[in-house]
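See structure below.
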Amino acid sequence: MIRLTKIGKNKFLLPKTGNMRVDAVVYLSEKLFRDFQEGEALEQLKNAATLPGVYGVVIGMPDIHSGFGLPIGGVMATRVEDGVISAGGVGMDINCGVRLLSTSIPADELDKRFLRKLMDAIEDRIPTGIGKGSRHGNLYKSHFKEIVQRGAIKLIEMGYGREEDLECIEENGCLDGADIAAVSDEAVSRGNQLATLGGGNHFIDLGVVEDIYNEKLAEVFGLKKGTLSIMIHTGSRGFGHQICTDYTRIMVNTAPRYGIDLPDKGLACVPISSAEGRQYYKAMCCGVNFAFANRQLITYDVREAFREVFNRDDDELGLDLVYDVAHNIAKFETHFNRRLLIHRKGATRALPPGHPSNPKKYMETGHPAIIPGSMGTASYVVVGTELARETFFSINHGAGRVLSRGAARKEISQQEFESAMADILYNTRNYKKVLDEAPQAYKDIDEVVNTLSEIGITRKIAKLRPLGVIKGEGD
DNA sequence: ATGTCC
């Protein structure tokens, strides 16, 4: 078993041993540390620390749990000159991410019947669950190349959103460098899921802004206590999944040619500057842009559903985009005066006030970073601080699983599930289909969020409480 | 996460 050494409040060290090139650091509160059972995730951090060109420290966030190659809740920086790029370091669901919309609708105005009507109107428009196709099939057929190369920008040009949405999306809704020529035919054929939600932890939820911790910043973010909020969590669906699968195979096969000794197939990687590395980056950008476009189209559908059910205009409803963050992505960024490729896997970028990569609208506050809890617990809006420099301005992306999907299905009873969901509405007819997503399968979101805010890496801005949740059904 | 194993 790997030992963690406490090196500060909520901060633990996994010291460099064996062929690790750098240390690893894990952020855990005392309670999260006591309950910590993620030996495999620590192995994965150690593995990442052995890769060529890895820089600084490999980081585990408080929501860390084992994943494919790099753990979920993992951050790995590599030097552009001599470092590697890893498809598994980004993850299967490229640019899985979450966006938050604010409204000017007082939540206490809505009774359960009305909330249900809203959820039904949203569900009528957005296919959910694994393997579901899109109602915007025309976009896939006629504009796919431009959408994956130009992301949300292309959709805004076509009228699927507001001009001002773009500033409120990480990378302004388009990661530069996408080239569909780097994407396999098989991946392209799976791109027909544009404008679908998917399954697993993906959701659309209606919530209420329950607590404000910082009035000034909340106002800039458009978050007012007691108003209805909408959160959309989805990614690049089968398209991104296929890109990761394709390039993991390529990287496993070519890594030896570059003298790379792979500790784990899931961490398959090649030099950033290699032909295969550059190709993967181009393809990954397509997956990133697909996911931005996916969330943009879902936003378009949600706004339409709201107009229909309320019979009011956007002007009266708000429905403004607060922000859209990526959870699974690799990006070229400058930290410590060095050009690095930051792999964030189940981790969120959180820039502090004044950082030049903030959008103009949020330059003086830092952009909102959105942290969803589980289907039955709160979510948070936070900002990064200057102290987040030590994590390459990265924070956790959610609560983190504490039970595997299988264990959750086996161990949680119907009564336990229903009591955890209390008076929260959910769309699923059969609770068994979402039992693996039960609140009990996740860590305590308050504890996880506090782990970073207590040591000043984040500042909490607002807390959101779910009222109604739309989930895709697994099997 | 995922046409959850071509």
Side-chain angles (χ1 to χ4, degrees), chain A residues 40-41 44 61 63-74 86-99 127-134 137 140 183-204 232-249 265-268 283-284 286-288 290-292 294-295 298 325-330 343-348 372 374-375 396-410 432-438 441-442 470-475:
Chain A
E40 193 180 324
Q44 292 176 336
M61 290 295 165
D63 54 344
I64 185 171
H65 54 101
S66 75
F68 173 70
L70 193 66
I72 320 292
S86 167
V90 172
M92 288 288 189
D93 190 2
I94 295 168
N95 191 7
C96 180
V98 56
R99 68 163 58 184
T128 64
I130 283 174
K132 294 286 167 61
S134 167
Y140 171 66
V183 177
S184 71
D185 291 345
E186 193 176 6
V188 170
S189 77
R190 294 179 71 174
N192 63 355
Q193 293 172 322
L194 191 62
T196 66
L197 187 66
N201 63 5
H202 291 169
F203 65 79
I204 299 170
I232 299 163
H233 180 197
T234 184
S236 51
R237 311 285 287 104
F239 182 65
H241 190 277
Q242 191 61 47
I243 291 170
C244 182
T245 305
D246 291 340
Y247 277 93
T248 292
R249 188 181 301 124
K265 272 192 180 180
L267 265 180
M284 183 207 69
C286 289
V288 166
F290 180 101
F292 284 142
N294 197 23
R295 294 194 285 275
I298 290 175
V325 291
H327 286 161
N328 287 0
I329 197 165
H343 298 70
R344 293 192 182 90
K345 165 112 168 259
T348 308
S374 71
M375 66 188 292
N396 60 298
H397 84 307
R401 293 196 79 88
V402 65
L403 291 178
S404 71
R405 294 190 184 280
R409 277 191 215 105
K410 210 159 62 187
K432 283 186 180 167
K433 302 259 187 179
V434 292
L435 198 50
D436 56 343
E437 283 293 311
Y442 286 88
I470 296 167
K471 296 282 281 183
E473 296 185 352
D475 246 348

Given atom CZ of R190(A) and atom P of dG3(B), what is their separation to the nearest angstrom?
5 Å
What is the distance, to the nearest angstrom, from the CG atom on D185(A) to the C1' atom on dG3(B)?
17 Å
Whole Å only: how far is the CG atom of D246(A) from the P atom of dT2(B)?
16 Å
To the nearest angstrom, how far is H241(A) atom NE2 from dC6(B) atom P?
10 Å
Can you tell me if the side-chain N/O atoms of Q242(A) get under 4.0 Å from OP1 or OP2 in dT2(B)?
no
Across the strands shown, which category fits G238(A) at heavy-atom distances under 4.0 angstrom: base, sugar-phosphate, nothing?
sugar-phosphate
Within the 4.0 Å heavy-atom criterion, would you say R237(A) contacts the bases, only the backbone, or no part of the nucleic acid?
sugar-phosphate
Rounded off to whole Å, could you give me the CZ-to-C1' distance for the R249(A) and dT2(B) pair?
14 Å
Rounded to whole angstroms, how far apart are CG on N95(A) and C1' on dT2(B)?
16 Å
Residues passing the side chain to side chain contact (heavy atoms under 4.5 Å, CB included) test with D246(A), sequence neighbours excluded, are S184(A), A187(A), Q242(A), R249(A)
Rounded distance in Å - CG (D436(A)) to P (dT4(B)):
15 Å
Sorted by chain and number, sequence neighbours left out, side-chain hydrogen bond (donor to acceptor under 3.5 Å, both in side chains) with R237(A) holds for T196(A)
For the side chain of N396(A) and the backbone of M61(A), is there at least one donor-acceptor N/O pair under 3.5 Å apart?
no
Specify the separation, in whole Å, of atom NZ of K433(A) and atom P of dT2(B).
15 Å
Would a distance-only check, ignoring hydrogens and angles, find a side-chain to backbone donor-acceptor pair under 3.5 Å from S236(A) to F290(A)?
no
